[in-house]
Amino acid sequence: MKSWVPFEWIIAARFLREGRLQTLFITGGVAIGVAVIVFMSALLAGMQGNFIRRVLTAQPHIQLLPPKEVVRALRGHNYDGDEGKNVVESAELQPPLQRLKSIDQWQAVVAQIRSMDQVLVVSPAAGGSALVLRGSTSRAITLNGVEPDTYFRIVALPSKVVHGSARLNAGDIIIGMELASDLGLDSGDKLRVTTAAGASNILTISGIVDLGNKGANQRSTFVALHTAQSLLGLPGGVSNIDVTVRDVYAAEVVAREITEKTGVQADSWIAANAQFFSAIQAQMTANTAIRFFVGLSVAFGIASVLFVSVVQKSKEIGILRAMGISRGQIMRVFLLQGGLLGLLGSIAGSSIGAAALILWHRIAVGPDGLPLVPITLEVPLFAAALALALLAGLVAASAPAMRAARLDPLVAIRG
Amino acid sequence: MEGLCKSFNIATPLETEILHSIDLTLPRGEFCAVMGPSGSGKSTLLHIVGLLDRPTQGRLAIGGQETTELDEAALTHLRAHEIGFVFQYHHLLSAFSAVENIMMPMLGDAGFASDAMLARAESLLGIMGLAHRRDSLATNLSGGEQQRIAVARALAMKPSLLLADEPTGNLDTKSADTVFSLIREVNRSQGMAVLFVTHNPALARRCDRIIEVIDGRIVQAQNFPSL
Ligand SMILES: Nc1ncnc2c1ncn2[C@@H]1O[C@H](COP(=O)(O)OP(=O)(O)OP(=O)(O)O)[C@@H](O)[C@H]1O
Ligand SMILES: [Mg+2]
C-alpha cells in the first residue's frame, strides 16, 4: 500500500480488482457507449465542418444587395360604407423587371463596413448575366466584376486555377473549366462577351478555374470590376458588396448590424443556407438525445453492478464500520468505484472510437481517393466524453453508495 | 454500565425486552468471560457495549466517557479508538493480504498508509506467530490463522476494550486454545479490558472473572484469583 494513496482509493481499487469479471464487463459496456458517442459526434462535426468549408470557400459570408424594385398598387380613395378602408382598384400587379441597379453611395457603405471590428474583408463587385459567343455557339454566363485584391481574399481563385493564371487586367476573363471544355477553350484564347445592355467586348482567357461544382464551372466567369461596369451599363456602380467576417457563425448578427447601420439589405450565408442549418440542428438534437440515453444506460449498468457489489461486500462493509470506519468513508469507496468504472470505460471507449474513426477515414474515401468526410480527432470531444462518463459513473454510484453507507453493521455481521 | 435495558421491536406487538437492567463495571485490564445459554442476550450485550447498538434505557460509559448522548459520528470515532471486535466469523477483507487486513483500522483512521502502521501490523503478526503468512491473501489462510489475524486487527488501534463474541466457536480445540492464549497474553502485557463470550468452561476458568447471563440478567459473577 502506497503512502500517498488515500484509504478510500485503496479499498475502491482493490474491490474493483477483486471483482475482475464484473469490472471487465461493465467497463466494456461503458466503453461501447462512449465509443458510439465519440464516433457519432466526430462524424457529425466532420460533416458540418466539411459543408461549411465548401460553402465558404466559394461565397462571401455576407452579401449586400441593392433594394428590389417593387410596384405599388394604386389605391382609390372611395369611402363607400363606413369601414373607411382603402380599396385596391387594380388587383392585378405585374412584378417589375429587375433592372441592374447600383448600391447608393457604395463607397461610403464600404468604408462604413470596413470600420467594423468583426469584418475582415469588404469587396465591392458588379455582376450580371451575359452571353459568350464562340463561333456559332453561345452560352449564358454570369459575369462577376471584382477587385482581385479584395475578392481573392474572399474566394481564393488563384488556388482554383487549373490552367493559366488568376490575372484580372482590363481585357482578361477567368472562366470555369466546364464552360472551357464545352466551348473548346484554353487559356490565352479570345472570347466575345455580350450583355443585355447592348455592350460587347472581346476578352482574353487568362485562367481556367475549378470552382468545385458543375453548375458554377458552367456559368461563373470573372472579370475586372471596370470591365464589368462598362459591359453591364453600370458605370461607377456596384451591384453587390461581398463581406467576410472573423467568426463565421456570427455572420447573421453582423449582417443585421450592417443593415441597421447602412440601410442596405445584407444577407448572411447562414440565412442563405437556412435549410442546411435546420438539418444540422435536427442532427445535433438527435445526437444530444443519443448521448443522453447512452449516458443513462451506462449509468444504469454501473449502478446495477455496484448494487450487486454492495450486497456481496456487506459483511466486509459491516466489519469496516464496526472497526470505526465512518459512513462517509464507505460512501466515498463506492462513489469512487463508480467514477473509476466510468473513467476506465471512457478511456477504453475513446480509444475504440478513435480507432473506428481512423478506420472509417481510410475506408470511406471518394473516387478521388480523398476521405468523404474529413475528420479531425479533437481533444475537446474526448475530454467531454471523459467528463460525461465520469459524471455518469458518480451519479450512478450515488444510490449504491448511499445504501452501503446506511448499512447497519450489526445486520451485516450477523446476516 | 448502569440499569442497561434493551428491547427489540419497540412499539410493535412483537416488542420484547432482551436485557433487563444490567449493571456491570469492567476495570481496566480485566479479562472477563461471559457465559450463558443460547439466546440469553450475550451478543446483544456486547453489541451495546461495543457501540454498535444503543440501549433502550440506562447509561454506558467507556473510559469515563458517557456515550448515551453521543451522535453516530462520535460513536464511530470512539469505536475506532477505544474498542476492538472479534466475532465468531473472522470477516477479513478477502481482497487484502494478512498484513493489510491488520493495517485496515489504522489506515481508515489516518486516511493514508505509513511505515509506522506497517511496523505495528508486522509486530502484531509476529505476536500472533504468523510472520510467515504476511502476504497471504486472507482467503488462503486456515480458520485458526484467519481468526488470529482478526484478533491482531482488533488490537491494531491499541483499544482499551476488546470485545470477543465466541471467537473460538468455529475452531478446533488446539486453535481455540492458541487464540485464547494470545488474547490473554496481550491482555496481560497491554492491559486492555476484555469481554470474552464463550461456551467453553475450560477457557472461561482461565479468565479473571466469569459473568453468567441468563434471560437478559446477570445472575452470577464469579471471581478467580489472578495468578
Ligand atoms: N434485531 C433483533 N430483533 C429481535 N430480536 C432479536 C434481535 N437480535 C437479537 N434478538 C433476540 O434477542 C435474544 C438474544 O440474542 P443474542 O444474540 O444476544 O443471544 P446470545 O446470548 O448471543 O445467543 P448465542 O449464544 O446463541 O449467540 C434472542 O432471543 C434473539 O432472538
Ligand atoms: Mg451470540
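A, B, ... follow the sequence lines: proteins, then strands. Residue 1 opens every chain. Values below: every heavy atom of this structure, side chains too, minus hydrogens, waters and symmetry copies.
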Residues, nucleotides or ligands: over 12 heavy atoms within 6.0 Å of [X] [atom1]:
{"X": "D408(A)", "atom1": "CG", "answer": "yes"}
{"X": "R327(A)", "atom1": "CZ", "answer": "yes"}
{"X": "D117(A)", "atom1": "CG", "answer": "no"}
{"X": "E66(B)", "atom1": "CD", "answer": "yes"}
{"X": "D71(B)", "atom1": "CG", "answer": "yes"}

Which atoms of [X] are under 4.5 Å from chain A, going by heavy atoms: the side chain, the backbone, both sets, or neither?
{"X": "I83(B)", "value": "neither"}
{"X": "Q88(B)", "value": "neither"}
{"X": "M103(B)", "value": "side chain"}

Say you draw a straight line from [atom1] of [X] to [atom2] of [Y]; how long is it, rounded to the nearest 0.5 Å?
{"X": "F87(B)", "Y": "I319(A)", "atom1": "CZ", "atom2": "CD1", "answer": "4.5 Å"}
{"X": "E18(A)", "Y": "T139(B)", "atom1": "CD", "atom2": "OG1", "answer": "7.5 Å"}
{"X": "R79(B)", "Y": "I325(A)", "atom1": "CZ", "atom2": "CD1", "answer": "10.0 Å"}

Looking at [options], which makes the most heavy-atom pairs under 4.5 Å with chain A?
{"options": "S43(B), S94(B), G84(B)", "value": "S94(B)"}
{"options": "A80(B), A73(B), G108(B), S114(B)", "value": "G108(B)"}
{"options": "T76(B), L93(B), L78(B), L52(B)", "value": "L93(B)"}
{"options": "H91(B), H77(B), H81(B)", "value": "H91(B)"}

Per-residue contact mode, [X] against chain B (heavy atom under 4.5 angstrom):
{"X": "P409(A)", "answer": "side chain"}
{"X": "W4(A)", "answer": "backbone"}
{"X": "I11(A)", "answer": "both"}

Checklist entry - Between D109(B) and F7(A), is a side-chain contact (heavy atoms from CB on, under 4.5 Å) present by the stated rule, with each step listed? => result CA-CA 9 Å; D109(B) 183 57; F7(A) 168 77; over 6 Å; no
Checklist entry - Do you know which two heavy atoms are closest between A95(B) and R14(A), and how far apart they sit? => result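 The answer is O-NH1, 3.1 Å.
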Checklist entry - Highest number of heavy-atom pairs under 4.5 Å with chain B: which of R321(A), E8(A), Q329(A), K313(A)? => result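 Top option by heavy-atom pairs under 4.5 Å: R321(A).
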Item to check | Check against side-chain contact (heavy atoms from CB on, under 4.5 Å), E100(B) and I10(A) | outcome: CA-CA 11 Å; E100(B) 287 168 340; I10(A) 295 173; over 6 Å; no
